[in-house]
Amino acid sequence: MLILDKDSIKHKKAWQDAGIELPEFDYEKMVADTKENPTWVHFGAGNIFRGFIAMLQQKLLNLGKAKTGIVAVETFDFEIIDRIYVPYDNLSLLVIMNFDGTLDKKVVASISEGLIGDVSREHDWNRLKEIFAKPCLQMASFTITEKGYSLKNASGGYFDDVLKDMQNGPGQPRHVMSKVASLAYTRYKSGKLPIAFVSMDNCAHNGERLYESVKTIVKKWVDNGLVESGFLAYINDVSKVSFPWTMIDKITPRPSDIVKDSLQSIGFKSTEIVHTKKNTYIAPFVNSERSQYLVVEDNFPNGRMPLELAGVLFTDRQTVDKVEKMKVCTCLNPLHTALAVFGCLLGYNLIADEMKDSQLKKLVEKIGYEEGLPVVVNPGILSPENFIREVIEQRLPNPYIPDTPQRIATDTSQKMSIRFGETIKAYRDRKDLDPANLTYIPLVIAGWCRYLLGLDDKGESMPLSPDPMLDVLQSYLSRVKLGDSESVGDSLKPILSNESIFGLSLYDVGLGEKIESYFKEMVSGPNAVRNILQKYLG
């Protein structure tokens with residue numbers, strides 16, 4: 001019986017017999033060394049951290065190129081620490097789901113301690129302050145999701161917690177950005193010690209978002225006389241405090257029951273899948289795809305660990321930006337959104353199953369190779385052609401990645417501008433290209449508008465994924481009736497002309513009327529979505 005704890009992993013033969021790779025370093029010595037000389041703190045203790053980022057440091061530990069691990073901090077869902085970290089001595093099991101169905105299994109042992117980043121947990125908060133006061137700390141990284149950096153609500157006003165933090169100062173921070181600012185203040189008061197704050201979240205210009213949020217809070221503290229003006233100068237001093245940009249790419253979906261059953265069959269017992277009160281699905285194991293990319297702006301005022309030995313690509317800010325645009329605008333995210341929209345309409349529940357659908361597979365090939373690649377931003381350090389080929393031939397069809405179109409369809413209104421609008425603008429700005437000649441990107445946009453009706457291709461009601469604009473968008477389409485193309489009228493105009501959704505008015509580039517035409521075909525009756533795919537994709 002294999003149980004995930006620090007004593008069990010000492011019995012190496014049983015783990016090796018089960019085909020599970022163990023760490024090649026002294027776990028308890030790593031914990032002790034990190035306790036005294038922490039170099040890396042990470043905020044956001046979920047799956048992408050355990051399944052990707054923690055394994056980067058593990059590789060350095062295995063190679064003898066690092067002595068310390070990572071301190072994991074959770075500021076949102078405390079159950080992750082209480083139920084997944086503490087009971088298992090901060091260990092995890094990474095399960096890589098290969099395309100051929102085989103599973104590679106590795107114990108993740110590079111996390112030295114798990115802390116709850118909140119003043120209500122006094123011991124943990126004091127430990128965090130102790131860490132941030134140490135000169136040896138080099139980096140605080142983040143996977144807190146894009147929402148974690150936002151200080152304002154949908155109406156443009158500050159969240160209540162942010163307002164209270166701005167009024168109360170660094171002593172009792174509530175919002176995660178205020179907590180970061182407070183810990184930075186501890187570092188400032190400890191001798192203006194250098195540090196890199198490194199967002200590894202999957203959003204463009206992530207380092208800038210982190211910087212702007214922290215700076216905004218610090219400036220309010222200065223304005224309110226709660227901290228010294230020198231603290232703001234410290235935050236703005238790039239020789240002391242940096243906010244590097246990064247691009248991260250790896251799918252680590254919620255724990256799979258198939259993986260759980262497979263692990264139990266080889267005698268691994270630490271497999272309880274936890275669904276927390278804050279709707280996190282997490283387990284002692286993390287299942288992930290094999291492919292992974294992390295590109296980081298090389299700007300670390302206090303030095304850094306040699307993560308290039310673990311496959312991290314270090315470069316300048318401009319190149320990170322190009323890699324991000326390559327992925328988000330062309331080679332991955334637009335393909336995901338196309339599959340999400342049509343997958344929901346056609347009744348699919350797995351992205352991999354959609355890639356068995358010849359028309360949907362051809363759709364993403366057309367969007368990627370034919371319409372995207374001609375305007376792709378080539379970053380130089382990664383080949384767009386190779387990247388998109390891996391996505392289409394290996395990553396999207398992987399049947400062991402339990403990713404759903406319904407999950408990917410979340411917040412689509414917030415994604416249209418970057419995933420499709422940027423390519424359309426690139427066509428507009430090129431003398432040799434005309435956006436009006438695009439076929440497949442406008443087909444996806446029409447499909448998204450069809451999706452907003454809340455009816456699948458059979459005409460049956462289907463649940464829609466959360467989206468902050470859902471109510472407004474559906475109100476525009478309230479008069480559209482399936483089976484009556486004439487009912488469309490001008491209902492699409494407020495959507496397709498909305499520059500906040502697409503980054504431009506689609507009518508200004510000759511696409512509005514084309515999308516309206518596609519949409520009318522899609523609402524002509526049941527099975528009309530399938531029919532239009534057949535028409536344009538054979």
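All values derive from a computational prediction rather than experimental measurement.
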Exercise. With a 3.5 Å cut-off and no angle check, do the side chains of N287 and S256 form a donor-acceptor pair?
Worked result: no
Exercise. Any luck finding a side-chain donor-acceptor pair between K327 and N202 under 3.5 Å?
Worked result: yes
Exercise. Is a side-chain donor or acceptor of Q138 paired with a backbone partner of N302 at a separation under 3.5 angstrom?
Worked result: yes
Exercise. Is it the case that more than 12 heavy atoms not belonging to K220 sit under 6.0 Å from its NZ atom?
Worked result: no
Exercise. When you look at NZ of K65, are more than 12 heavy atoms from neighbouring residues, nucleotides or ligands closer to it than 6.0 Å?
Worked result: no
Problem set entry | Check: F49 ring centroid to F43 ring centroid under 6.0 Å | no
For this session: Count the heavy atoms of every other residue, nucleotide or ligand shown that sit under 6.0 Å from NZ of K240, and state whether that count exceeds 12.
Result: yes
Exercise. Does any donor atom in the side chain of Y211 or N236 lie under 3.5 Å from an acceptor atom in the other side chain?
Worked result: yes
Exercise. Do T246 and N206 have a side chain donor and acceptor closer than 3.5 Å?
Worked result: yes
Problem set entry | Over 12 non-hydrogen atoms of neighbours within 6.0 angstrom of NZ in K67 | no
Exercise. Do the side-chain N and O atoms of T252 and N47 include a donor-acceptor pair separated by under 3.5 angstrom?
Worked result: no
For this session: Salt-bridge test for D321 and R317: reply yes if a basic N is under 4.0 Å from a carboxylate O, no otherwise.
Result: no
Exercise. Is a side-chain donor-acceptor pair under 3.5 Å present for S199 with Y149?
Worked result: yes
For this session: Indicate whether any N or O donor in one side chain lies under 3.5 Å from an N or O acceptor in the other, for T271 and Q264.
Result: yes
Problem set entry | Heavy atoms of other groups near I258 CD1, more than 12 under 6.0 Å | no
Exercise. Around atom CZ of R254, are there more than 12 heavy atoms of other residues, nucleotides or ligands at under 6.0 Å?
Worked result: no
For this session: Could you tell me whether K278 atom NZ has more than 12 heavy atoms of other residues or ligands within 6.0 Å of it?
Result: yes
Exercise. Do S8 and D5 get their side chains close enough for a donor-acceptor pair, meaning under 3.5 Å?
Worked result: no
Exercise. Is the shortest distance from a Lys or Arg side-chain nitrogen in D160 or R174 to a carboxylate oxygen in the other one below 4.0 Å?
Worked result: no
Exercise. Do H42 and T143 get their side chains close enough for a donor-acceptor pair, meaning under 3.5 Å?
Worked result: yes
For this session: May I ask you to say whether K356 pairs ionically with D353, meaning some side-chain N is under 4.0 Å from a carboxylate O?
Result: yes
Exercise. Could D223 and K219 be called an ion pair, given the rule that one side-chain N must be under 4.0 Å from one carboxylate O?
Worked result: yes
For this session: State whether Y158 and K152 meet the cation-pi test: NZ (Lys) or CZ (Arg) under 6.0 Å from the six-membered ring centroid, and within 45° of the perpendicular axis.
Result: yes
Problem set entry | Sidechain-backbone polar pair: E79 side chain, D82 backbone, donor-acceptor under 3.5 Å | no
Exercise. Would D33 and T68 count as having a side-chain donor-acceptor pair, cut-off 3.5 Å?
Worked result: no
Exercise. Quick one: does NZ or CZ of R395 land under 6.0 Å from the six-membered ring centre of F99, within 45 degrees of the ring axis?
Worked result: no
Exercise. Any luck finding a side-chain donor-acceptor pair between E390 and S291 under 3.5 Å?
Worked result: yes
Exercise. Backbone N or O of D100 within a donor-acceptor pair of the N98 side chain at under 3.5 Å?
Worked result: no
Problem set entry | Carboxylate-amine/guanidinium contact R304 D298, below 4.0 Å | yes
For this session: Salt-bridge test for E212 and R209: reply yes if a basic N is under 4.0 Å from a carboxylate O, no otherwise.
Result: no
For this session: State plainly whether the residues E113 and R127 are in salt-bridge range, i.e. N to O under 4.0 Å.
Result: yes
For this session: Output yes when a side-chain donor or acceptor of T39 lies under 3.5 Å from a complementary backbone atom of L137, and no otherwise.
Result: no
Exercise. Ion pair present between K12 and D17, side-chain N to carboxylate O less than 4.0 angstrom?
Worked result: no
